[in-house]
J.: 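Please read through the structure below; I'll follow up with questions.
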Amino acid sequence: QVQLVESGGGVVQAGGSLRLSCVASGSFFSGYVMGWFRQTPGKEREFVAAITRGGTNTAYADSVKGRFTISRDNARNTVYLQMNNLEPEDTAIYFCAARGTVAIATTPIAYNDWGQGTQVTVSS
């Protein structure tokens, strides 16, 4: 099991950038696939991006491809989500999640551990 704490959310104008961070503790961080998801009121949690244990492979939702970049620093037990050219539709609570297997997954149920989330608000 791993404990996750997100930070870096805030309010930004459309076209702006934010970088989210998620720090892990409690277990062997480099043994986990890491993902970012987001959720708005009344909607299901949706996949944003994921990265393999060594950082070699990544996956993105179509809606964020070319604008968001996921990365990780295993020495710092941290995964990042760099978000550029933000749009009002990106407004959501963003969660990081950990999956203790080899393969990337894009569904929330595949992830075992979750952070508490950080709010991102993009104004038009």
Side-chain angles (χ1 to χ4, degrees):
Q1 188 176 9
V2 61
Q3 290 77 47
L4 304 171
V5 178
E6 304 96 334
S7 63
V11 180
V12 64
Q13 288 189 332
S17 298
L18 284 173
R19 187 176 81 156
L20 305 183
S21 299
C22 173
V23 178
S25 62
S27 191
F28 187 49
F29 177 70
S30 61
Y32 290 86
V33 167
M34 298 299 296
W36 285 98
F37 290 77
R38 65 188 182 186
Q39 190 169 22
T40 55
K43 293 189 176 181
E44 293 185 355
R45 195 165 295 189
E46 68 170 354
F47 172 74
V48 176
I51 188 167
T52 51
R53 296 180 299 181
T56 304
N57 295 318
T58 58
Y60 296 92
D62 287 343
S63 59
V64 307
K65 278 181 183 176
R67 300 187 299 122
F68 290 11
T69 303
I70 188 171
S71 62
R72 66 190 296 163
D73 184 342
N74 286 344
R76 298 179 183 270
N77 286 3
T78 303
V79 61
Y80 304 98
L81 185 68
Q82 177 67 44
M83 306 186 295
N84 297 329
N85 194 20
L86 282 160
E87 303 169 353
E89 293 74 22
D90 296 316
T91 295
I93 299 174
Y94 284 71
F95 299 88
C96 73
R99 169 175 162 83
T101 61
V102 174
I104 281 177
T106 61
T107 56
I109 197 171
Y111 289 78
N112 306 104
D113 300 301
W114 293 83
Q116 82 291 347
T118 185
Q119 176 71 48
V120 171
T121 302
V122 184
S123 62
S124 57

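The structure displayed is predicted, hence computed values, not measured ones. Because only heavy atoms are used, hydrogens play no part in the values below, and waters and symmetry mates are left out as well, while side chains stay in.
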J.: What residues form a side-chain hydrogen bond (donor to acceptor under 3.5 Å, both in side chains) with N112, not counting sequence neighbours?
T.: none
J.: Might you point out which heavy atoms bring A92 and T40 nearest each other, and give the distance in Å?
T.: CB-CG2, 3.6 Å
J.: CZ/R45 to CZ/R38 distance, rounded to the nearest 0.5 angstrom?
T.: 13.5 Å
J.: Do E6 side-chain atoms and G117 backbone N/O form a donor-acceptor pair below 3.5 Å?
T.: yes
J.: Sequence neighbours left out, what passes side chain to side chain contact (heavy atoms under 4.5 Å, CB included) with N84? Give chain and number order.
T.: S17, Q82
J.: Determine yes or no for a side-chain-to-main-chain donor-acceptor pair under 3.5 angstrom, with R72 supplying the side chain and V33 the backbone.
T.: no
J.: Going by the rule side-chain hydrogen bond (donor to acceptor under 3.5 Å, both in side chains), which residues pair with S7 if we only count those two or more places apart in sequence or in a different chain?
T.: none
J.: Give me the atom names and distance for the closest heavy-atom approach of F47 to A61.
T.: O-CB, 3.4 Å
J.: Please report the closest heavy-atom contact between S30 and R53, naming both atoms and the distance.
T.: O-CB, 3.2 Å
J.: On a heavy-atom basis, which atom in P88 and which in S124 lie closest, and how many Å separate them?
T.: CG-CB, 3.8 Å
J.: Check side-chain hydrogen bond (donor to acceptor under 3.5 Å, both in side chains) between K65 and all other residues, then give those that pass, not counting sequence neighbours.
T.: D62
J.: T101: what forms a side chain to side chain contact (heavy atoms under 4.5 Å, CB included) with it, not counting sequence neighbours?
T.: R99
J.: Would you please name every residue forming a side-chain hydrogen bond (donor to acceptor under 3.5 Å, both in side chains) with R19, sequence neighbours left out?
T.: none
J.: Linking directly or through intermediates, with side-chain heavy atoms under 4.5 Å: list the remaining ILVMFWY members grouped with V5, chain and number order.
T.: none
J.: I'd like to know whether CD of E44 has more than 12 heavy-atom contacts from other residues, nucleotides or ligands below 6.0 angstrom.
T.: no
J.: Taking side chain to side chain contact (heavy atoms under 4.5 Å, CB included) as the test, write out the residues that go with Q1, two or more places apart.
T.: Q3, D113
J.: Excluding sequence neighbours, so at least two apart, what forms side chain to side chain contact (heavy atoms under 4.5 Å, CB included) with E87?
T.: R67, E89, D90
J.: Please find the pair of heavy atoms, one from A105 and one from Y111, that lie closest to each other, and give the distance.
T.: O-OH, 2.6 Å
J.: Under 4.5 Å between side-chain heavy atoms, chaining through other members, with only Ile, Leu, Val, Met, Phe, Trp and Tyr counted: pull out the rest of the cluster around V23, sorted by chain and number.
T.: none
J.: Starting from L20 and following side-chain heavy-atom contacts under 4.5 Å between hydrophobic residues (I, L, V, M, F, W, Y), which residues can be reached?
T.: V2, L4, V12, L18, F29, Y32, M34, W36, V48, I51, Y60, V64, F68, I70, V79, L81, M83, L86, Y94, V120, V122
J.: Enumerate the residue pairs fulfilling disulfide bond (SG atoms under 2.5 Å apart) with a member in residues 28-109, sequence neighbours excluded, ordered by first and then second residue.
T.: C22-C96
J.: Spell out, as yes or no, whether a donor-acceptor pair under 3.5 Å connects the side chain of T52 to the backbone of N57.
T.: yes
